[in-house]
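Everything numeric here is computed off the predicted structure, so don't read it as measured data.
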Amino acid sequence: MYTPKPIDTSDIILPENLTELAEQLAKNVHEVWSQTRMEQGWTYGEKRDDQQLKHPCLIPYEELPESEKLYDRNTSQQTLKLIIKLGFRIVREE
């Protein structure tokens with residue numbers, strides 16, 4: 001049986017200067033997910049229907065309900081925290 005074992009990043013606090021990057025990553029996560037689903041034949045539907053390949057989240061990120069945005073934000077924030085935990089620095093070039 002598979003037991004997930006993500007690296008613990010609870011000791012990492014995301015610096016404020018990465019807030020915008022985290023949101024951009026969250027949006028891109030949604031865009032990649034949407035593109036993949038559409039390539040698989042999925043289209044927008046008010047209710048999810050796996051038989052008809054309909055999904056209510058096939059809309060722009062900005063139109064998602066906050067509950068759905070939280071999923072993407074968590075993914076992006078945990079990714080950034082892991083990068084920091086592993087000793088990498090994120091530097092924005094001007």
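At a threshold of 4.0 Å, the pair Glu23-Lys69 does not count as salt-bridged, since none of the basic side-chain nitrogens sits closer than that to a carboxylate oxygen.
Contact of the Lys85 side chain with the Asp11 side chain is registered, since non-hydrogen atoms from C-beta on lie closer than 4.5 Å. Residues Lys81 and Gln78 have side chains in contact (heavy-atom distance under 4.5 Å, counting atoms from C-beta outward). With contacts defined as side-chain heavy-atom distances shorter than 4.5 Å, the pair Asn28/Val32 qualifies. Taking 4.5 Å as the limit, every side-chain heavy atom of Leu53 sits out of range of all side-chain heavy atoms of Thr43.
Between Thr79 atom OG1 and Leu25 atom CG the span is 7.0 Å, to the nearest 0.5 Å. Between atom NE2 of residue His55 and atom CH2 of residue Trp33 there is a gap of 4.0 Å, rounded to the nearest 0.5 Å. The distance from the CZ atom of Arg92 to the CG atom of Leu18 is 10.5 Å, given to the nearest 0.5 Å. With rounding to the nearest 0.5 angstrom, the CG atom of Leu80 is 13.0 Å from the CZ atom of Phe88. Distance check, rounded to the nearest 0.5 Å: CG of Asp72 to SG of Cys57 gives 8.5 Å. Atom OG1 of Thr9 is separated from atom CD1 of Ile83 by 11.5 Å, given to the nearest 0.5 angstrom.
More than 12 heavy atoms of other residues, nucleotides or ligands sit less than 6.0 Å from atom CG of Leu86. Atom CD of Gln40 has more than 12 neighbouring heavy atoms from other residues, nucleotides or ligands inside a 6.0 Å radius. Taking a 6.0 Å sphere around OH of Tyr71, one finds it holds 12 or fewer heavy atoms contributed by other residues, nucleotides or ligands.
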>> Show, in sequence, the C-alpha distance, side-chain angles and deciding distance for Glu62 and His30, and conclude whether the side chain to side chain contact (heavy atoms under 4.5 Å, CB included) test is met.
In response: CA-CA 10 Å; Glu62 294 78 13; His30 177 70; over 6 Å; no
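Grouping the Ile, Leu, Val, Met, Phe, Trp and Tyr side chains by contacts below 4.5 angstrom, directly or via other members, places Ile90 with Ile7. Criterion: ILVMFWY side-chain heavy atoms under 4.5 Å apart, direct or through other members. Under it, Leu58 and Val29 are not part of a common hydrophobic cluster. Residues Tyr44 and Leu64 share a single hydrophobic cluster, defined by chaining ILVMFWY side chains whose heavy atoms lie under 4.5 Å apart.
Looking at Lys54, Gln52, Arg48 one by one, the single match for side-chain hydrogen bond (donor to acceptor under 3.5 Å, both in side chains) with Asp50 turns out to be Arg48.
The minimum heavy-atom distance linking Ala22 with Ser76 is given by the pair O-OG, 2.8 Å. Across all non-hydrogen atoms, the minimal contact from Ala26 to Tyr61 is CB-OH, 3.6 Å. Nearest heavy-atom pair across Asp49 and Gln51 is OD1-N, 2.9 Å.
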